[in-house]
Amino acid sequence: MSPVSTDELRQLIAGLVDEEPEDVGDDDDLFELGLQSIALMRLVSRWRDDGFDVGFGDLAARPTVAAWAALLARRPDADPATDGPDDRPTGAGRPAGTEGDAEFGLALLQHAYWAGRDPAQPLGGVAPHLYLEFDGPGLDPDRLAAALRRLVDRHPMLRARITDNGRQEILPTTGQGAPAVHDLRTVGDTERAERLAATRDAMSHEMLAIERGEVFRVAVSLLPDGARLHVDVDMVAADAVSFRVLLADLARCYEQCLDAPETEPIGVTYREYLQARPGARQAASAAARAYWEGRAAELPGAPELPALEHGTGRPRAQRLAFTLAGDERDAVFAACRRHGLTAAAVIATAYAEVVGAWSAQPRFVVNVPLFDRDPVHPEIDRVVGDFTGSVLLEVDLTTPATFLERARTVQHRLHSDAEHAAFSGVEVLRELGRRAGEQVLAPVVFTSGLNLGELFDERARALFGDPVWMISQGPQVLLDAQITEVGGQLLVNWDVRADLLPDGVGEAMFAAFSRLVRGLGEERAWSVPVPALLPAGQLAVRERVNTTAALPPARPLHHDFFTGAAARGDAPPSSPAPGCWATPSWPTGRCGWRPGSASAASHRASRSR
């Protein structure tokens, strides 16, 4: 392949940043023009697949047309072993649903999802799934059922069964995908509201029987003035980008099911993708493994948030959200571009600052999912499956810094880590666990869907109505911040394990996050350190706990222990002494302060910010 010309590169970049090609100068900072990290990742995958010797870090370090043209000019000589006939999967002409009955392995994150469903796992007992409701015009239940049959026929992963030995197989199409129908047109308003709430509660927190091939469920509630569509998908079968594909295809199938005689097949399957991917990433995986193994000894653990040790009951998810729209959105995005930063990195920085304000430690890792499909086939973007990777983003808030300085550090770290994403965050956690001799988690997550386009396409919204409620859950996740584009607005939300945080903590953190993000439209917010984020009431508690004017009693540390033993020597053994904990919810078991205790508050208050 010949090198990419400067004009071709300029044309490509202009399409990504919504500018005219003549307005993209050779030396313009492409991040200042609005280029996002996800678009850059896709370019890297595309160019590597074409044989160019480029990396994410190289492109991010010098984001200009001139610098990229120079990098793309250094394509190595063709490798005879790889430059022959294309052996990537084609699948052309294969009828849908004929993948065969053989089992095949789970992807890394699929396996983590499967294992995390076990209630015995730390932060487990939760299904990884996305649940969504649309309110819109009336839907014909029979036509919806026909559309679902076509959808399940088109996407084999909607028939995936996860086996007891941690593998997967594709089941036949027979009987899959029938919707539940709730006719609420003639019931009273109170009963209708109660039944809608019950459906939401059940579907948004259910664990589909993936061992029986139940990975996708749809219901419709018929209402006097329209219908509510309920959609739930287990992420073991479909990631967030695939969810968008599903909704668009469901709308298309609903429109066309009375006209087209059969479903149009896709030329490649998820099984074939998994089979093709290891060879394409072998060299990159080896280099990435070396990078992360070199950093493993110095990586901090997860944020030590004031989580409850045993929770308050069954796992419960809570969604907190706000939107940036109009002038407010434009002001924040313009400020990001002025400073040569991506909006994803900037909002991730705000998230890290808020998490750090409530964390007992100023250094921690945030789990950052990456949506990165290797271009093994021209139709791979139409496939449903789990294509998600991840990196563990190290955050260090030890030293005071302005928000701009912090954001530049976070973006540099994120881009450096994304360069080595071929050894994923799941694999890094396994390596850390092997070294520690126990399971290591990264339960605080930041998910960016910027530059992936609208979450719902126009056809889906026209047919199904407005998305009125949605939530996601995941095993071994305490807090997941997500940003995505919906209806021209920026939707910013947190999905919180409400049963594991003390009352009011999640809401207080989210309120601080919302204020911080919204304030970034003002330039002065970038040139100073982030102000105190903790509510006044919590600061007062810390101040009281940290007051040490009175001297401790003049007696040995072991005095009270032996005094208690003498008084209650025949008492049965009890739980560890107050203040000593070793909960599996944290990345390393240790004896320290119980999260949420007075001692924990004192320890957090001792941080210098």
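Quick note: numbers below take in every heavy atom, side chains included, and nothing from hydrogens, waters or symmetry partners. Not measured: the values here are computed from a predicted model.
Among all heavy-atom pairs drawn from Pro179 and Pro141, the shortest one is CG-O, 4.4 Å. Residues Ile471 and Ser204 approach most closely at CG2-CB, 3.9 Å, considering heavy atoms. Nearest approach of Leu123 to Leu500, heavy atoms of both residues: CD2-CD1, 3.0 Å. Scanning all heavy atoms of the two residues, the minimum distance from Leu171 to Gly213 falls at CD1-CA, 3.9 Å. Contact between Leu520 and Val332 at its shortest, heavy atoms only, is C-CG2, 4.3 Å. Asp457 and Ala248 get closest at one heavy-atom pair: OD2-CB, 3.1 Å.
Classification of the Trp526-Phe403 ring pair by plane angle, with boundaries at 30° and 60°, yields perpendicular. The aromatic rings of His182 and His230 lie perpendicular to each other, with more than 60° between the two planes, well past the 30° mark. Using cut-offs of 30° and 60° on the angle between ring planes, the pair Phe134 and Phe464 is tilted. Classified by interplanar angle (parallel below 30°, tilted 30° to 60°, perpendicular above 60°), the ring pair Tyr270/Tyr273 is parallel.
In this structure, the separation between CD1 on Ile266 and CD on Glu272 is 11.5 Å, given to the nearest 0.5 Å. Atom CZ in Arg329 sits 11.0 Å away from atom OG1 in Thr323 (nearest 0.5 Å). How far CG of Leu222 is from CZ of Arg192: 11.0 Å, rounded to the nearest 0.5 Å. Between the CG atom in Leu144 and the CG atom in Leu463 there is a gap of 10.5 Å [rounded to 0.5 Å]. We find the CZ-CZ distance between Phe243 and Phe456 to be 6.5 Å, quoted to the nearest 0.5 Å. Annotation: the span from Asp232 atom CG to Thr199 atom OG1 amounts to 12.0 Å, rounded to 0.5 Å.
Asp183 places a side-chain N or O within 3.5 Å of a backbone atom of Arg185 that can act as its donor or acceptor partner. In this structure, the side chain of Gln473 does not engage the main chain of His129 through any donor-acceptor pair within 3.5 Å. Of the possible polar contacts, one joining the Ser390 side chain to the Gly425 backbone as a donor-acceptor pair under 3.5 Å is found. No donor-acceptor pair under 3.5 Å is formed between the side chain of Glu20 and the backbone N or O of Ala14. Formation of a donor-acceptor pair under 3.5 Å by the Arg167 side chain with backbone atoms of Glu103 is found in this model. Using modelled atom types, no side-chain atom of Ser424 and backbone atom of Gly389 make a donor-acceptor pair closer than 3.5 Å. No side-chain donor-acceptor contact under 3.5 Å links Glu485 to the backbone of Leu450. Judged purely by atom type and a 3.5 angstrom limit, His155 has no side-chain atom pairing as donor or acceptor with the backbone of Met157. With Arg319 contributing its side chain and Met470 its backbone, the two residues share a donor-acceptor pair below 3.5 Å. Using a distance-only test at 3.5 Å, with no hydrogens or angles considered, a donor-acceptor pair links the side chain of Thr349 to the main chain of Ala345.
Remark: Arg143 qualifies as a cation-pi partner of Tyr254 under the 6.0 Å distance and 45° angle criteria applied to the six-membered ring. The cationic atom of Arg373 (NZ for Lys, CZ for Arg) lies less than 6.0 Å from the six-membered ring centre of Phe387 and within 45° of the ring axis.
Side-chain contact annotation: His111 with Gln168, donor-acceptor N/O pair under 3.5 Å absent.
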Does the salt bridge (Lys or Arg N to Asp or Glu O under 4.0 Å) test come out yes or no for Arg316 and Asp201, once each step is laid out?
-> CA-CA 10 Å; Arg316 299 292 303 169; Asp201 182 69; 2.8 Å; yes
Please walk me through it: do Leu250 and Leu148 pass side chain to side chain contact (heavy atoms under 4.5 Å, CB included)?
-> CA-CA 7 Å; Leu250 178 59; Leu148 284 168; 3.7 Å; yes
What do the steps show when you test Tyr113 against Asp234 for side chain to side chain contact (heavy atoms under 4.5 Å, CB included), and what is the final call?
-> CA-CA 9 Å; Tyr113 285 153; Asp234 196 298; 5.6 Å; no
Apply side chain to side chain contact (heavy atoms under 4.5 Å, CB included) to Leu246 and Val231, showing your working.
-> CA-CA 10 Å; Leu246 284 179; Val231 183; over 6 Å; no
Take Val126 and Arg497, measure what side chain to side chain contact (heavy atoms under 4.5 Å, CB included) needs, and give me the verdict at the end.
-> CA-CA 10 Å; Val126 176; Arg497 275 290 298 272; 3.5 Å; yes
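Looking at Phe322, Phe446, Phe513 one by one, the single match for ring pair (Phe, Tyr, Trp, His ring centres under 6.0 Å) with Trp494 turns out to be Phe513. Results of the salt bridge (Lys or Arg N to Asp or Glu O under 4.0 Å) test with Glu206 over Arg117, Arg200, Arg217 single out Arg217 as the only residue that passes.
In this structure, Tyr351 and Val444 have side chains that are in contact, with non-hydrogen atoms separated by less than 4.5 Å. Looking at heavy atoms from C-beta onward, Asp466 lies in side-chain contact with Arg461 at the 4.5 angstrom threshold. Looking at Arg154 and Arg382, their side chains come closer than 4.5 Å, going by heavy atoms from C-beta outward. Thr447 is listed as a side-chain neighbour of Phe371, based on a closest heavy-atom distance under 4.5 Å. Arg150 has its side chain out of reach of Arg252: every pair of non-hydrogen atoms, C-beta onward, lies at least 4.5 Å apart. Side-chain contact check for Met235 versus Leu130: some heavy-atom pair is nearer than 4.5 Å. Residues Leu452 and Arg244 form a side-chain contact, since some pair of their non-hydrogen atoms from C-beta on lies under 4.5 Å apart. Looking at heavy atoms from C-beta onward, Met509 lies out of side-chain contact with Val496 at the 4.5 angstrom threshold.
Crowding of Asp327 atom CG: a count of heavy atoms from other residues, nucleotides or ligands under 6.0 Å not exceeding 12.
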